[in-house]
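Down below is the structure, laid out as C-alpha cells.
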Number of protein chains: 2
Amino acid sequence: MSPDLRGLADLDRVIHEPARLVIATILSVAESADFLFLQRETGLTKGNLSFHLTKLEEAGYAAIEKTYKGKIPLTLARLTPAGLKAYKDYRASVKTLFEK
Amino acid sequence: MSPDLRGLADLDRVIHEPARLVIATILSVAESADFLFLQRETGLTKGNLSFHLTKLEEAGYAAIEKTYKGKIPLTLARLTPAGLKAYKDYRASVKTLFEK
DNA sequence: CGAAAGTGGTTTGTATAACAAACCTGTTTG
DNA sequence: CAAACAGGTTTGTTATACAAACCACTTTCG
C-alpha cells in the first residue's frame, strides 16, 4: 500500500509539540520575535514559554539573544538554519502523510 | 498579526500523537483494517498498537470489532463518524496553521 | 517616596504519556 | 508434543507538559 508509514510516524518530537509548533511557525515567518510578543501570540505562561524556548535552543533550533532595551531586558528569539530546516522537514512529513 | 494562533495550538491530542495519527490516516482511507495489518503498517508493537486502539476507542473515535476467522481471533478497527470528523478537523487545523 | 506592575525568567510539583518488555490464553502447524 | 502465531493485558520506566510559585530588577503611577 504505502512505502513506509512507519517512517512517517517518526516526526520530530521537538517540533511536533503544539506549543513549539506554534512558536516555530511564528519564527519561521517573523525572523525574530521578543519574549512578550511570543507570549501574547501563543497564550503560553512565561514559565512554559521559557521552557519551550529552552527546548528549542537545546535542540539547536533556536537562538535566544538576551539584550536590553535601555535598562529593560529584551529577549529575542529566532530560528537557526537547523531549526528552519527541521521545521520545513516537519511540514513536508506531515504533508506527505496527509497525501495518503 | 494572526486571528488566534492560541486556538490553533489547541490540537486534538488524541489524534496528534504520531502513532495514532498514522492509525487514523490508515483508517480514514481503509474503512476497516485488521490488527496485524495495522501492526505491520505502523511498525508498532502489539502492546502499543493495542494501547493506541484502546485510546481511540475510549475517545469514541474508533470501533473495535472482535470476531473470528474460523477459530482464529480477528480484530477489526474502523473509524467512527466522530473519529472521521476529529481526523478531518485535525487536518484542517494543521492546514490552517501552515498557511501562516 | 512607596507600591504596583512590567520584563524575563528559574524552580518545583503534579499528572499524563508513551513505550518496551514481560506475561497470558487459545489455536494452528510441523 | 513443541513451536509459532493471533491478540491482547499488565507492569515498570522514563519523559513530558503544564501550572503555579518564586525571584530580581526596572519603570511608572499616585
Side-chain angles (χ1 to χ4, degrees), chain A residues 5-27 32-59 61-78 90, chain B residues 5-24 26-27 32-59 61-78 86 90:
Chain A
L5 282 165
R6 269 182 270 348
L8 291 173
D10 231 359
L11 296 169
D12 186 334
R13 295 283 185 153
V14 174
I15 301 288
H16 187 63
E17 172 60 30
R20 292 190 293 264
L21 183 55
V22 170
I23 293 171
T25 299
I26 293 171
L27 293 182
S32 167
D34 64 80
F35 193 92
L36 282 192
F37 173 77
L38 285 174
Q39 198 191 338
R40 272 188 284 265
E41 288 295 313
T42 60
L44 294 168
T45 61
K46 287 181 295 183
N48 283 337
L49 178 54
S50 176
F51 173 78
H52 290 301
L53 286 178
T54 301
K55 281 276 167 187
L56 288 169
E57 191 178 25
E58 281 171 357
Y61 290 174
I64 312 299
E65 191 187 352
K66 300 189 183 190
T67 60
Y68 284 87
K69 181 174 53 184
K71 289 199 179 164
I72 305 173
L74 179 69
T75 298
L76 294 174
R78 59 189 167 74
Y90 176 86
Chain B
L5 281 165
R6 268 182 270 346
L8 290 172
D10 232 357
L11 296 169
D12 186 334
R13 294 283 185 154
V14 174
I15 302 288
H16 187 63
E17 172 59 31
R20 292 190 294 264
L21 183 55
V22 170
I23 294 171
I26 292 171
L27 294 181
S32 166
D34 64 78
F35 193 92
L36 282 192
F37 173 76
L38 285 174
Q39 198 191 337
R40 272 187 285 266
E41 287 294 313
T42 59
L44 294 168
T45 61
K46 287 181 295 182
N48 283 336
L49 178 54
S50 175
F51 173 78
H52 289 301
L53 286 177
T54 301
K55 281 276 166 188
L56 288 169
E57 192 179 24
E58 282 172 356
Y61 290 174
I64 311 299
E65 191 186 353
K66 299 188 184 191
T67 61
Y68 285 87
K69 181 174 54 183
K71 292 199 177 164
I72 304 173
L74 179 68
T75 297
L76 293 174
R78 60 190 167 73
Y90 176 86

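Computed from a predicted structure; not experimentally measured. Residue numbers start from 1 in every chain, and the chains themselves are labelled A, B, ... in the order their sequence lines are given, proteins ahead of strands.
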Given C:dA17, is OP1 or OP2 found less than 4.0 Å from the side-chain N or O atoms of B:H52?
no

With the side chain counted from C-beta on, respond yes when A:K55 and A:Y61 share a heavy-atom pair under 4.5 Å apart, and no when they do not.
no

I'd like to check A:H16 versus A:D12 (side-chain heavy atoms, cut-off strictly below 4.5 Å). Are they in contact?
no

Please report the distance, rounded to the nearest Å, between CG in A:L36 and C1' in C:dG9.
11 Å

Shortest non-hydrogen contact between B:S32 and B:R78, atoms and distance:
CA-CB, 4.1 Å

Would you say the side chain of A:V22 lies within less than 4.5 Å of the side chain of A:L44, judging by non-hydrogen atoms?
no

Select one nucleotide: of D:dA17, D:dT9, C:dC19, the one nearest the side-chain heavy atoms of B:N48.
C:dC19

Double-helix bend of the helix from C:dC1-D:dG30 to C:dG30-D:dC1, axes at both ends from 5 pairs, round to 10°, gives 0°

Starting the side chain at C-beta, find the nucleotide from D:dG7, D:dA17, C:dT10 nearest to B:F35.
D:dG7

side-chain N/O A:K55 vs D:dT16 OP1/OP2, d < 4.0 Å
yes

So do the side chains of B:L49 and B:I23 get within less than 4.5 Å of each other, counting heavy atoms only?
yes

Interatomic distance where OH belongs to A:Y68 and P belongs to D:dA24 [whole Å]
14 Å

Without decimals, in angstroms, what is the distance between B:E58 CD and D:dT9 P?
11 Å

Quick check: do A:T42 and A:N48 have side-chain heavy atoms less than 4.5 Å from each other?
no

Proximal nucleotide (of C:dT10, D:dA19, C:dC19) relative to the A:T45 side chain
D:dA19

Can a side chain N or O of A:K46 be found less than 4.0 Å away from OP1 or OP2 on D:dA20?
no

Atom-to-atom span, NE2 of B:H16 to P of C:dT16 - whole angstrom:
19 Å

Nearest whole angstrom, please: distance from the P of C:dG8 to the CD of A:E57.
15 Å

Report yes if at least one side-chain N or O of B:R20 is closer than 4.0 Å to OP1 or OP2 of C:dA18; otherwise report no.
yes

Could you check which residues of residues 69-78 of chain A get a heavy atom under 4.0 Å from DNA chain C? Sort them by number, please.
A:I72, A:P73, A:L74, A:T75

Between P on C:dG9 and CG on A:L53, what's the gap in Å once rounded to a whole number?
8 Å

Just compare D:dC18, C:dC19, D:dT9 and give me whichever is closest to any side-chain atom of B:S50.
D:dT9

Are B:T54 and B:E58 side-chain neighbours, meaning at least one heavy-atom pair lies under 4.5 Å?
yes

Distance, rounded to the nearest Å, where A:E65 contributes CD and C:dG8 contributes P
13 Å

Phosphate OP1/OP2 of D:dC18 contacted by B:R13 side-chain N/O (<4.0 Å):
yes

Rounded to the nearest Å, what distance is computed from the CD atom of residue A:E17 to the C1' atom of nucleotide C:dA18?
13 Å

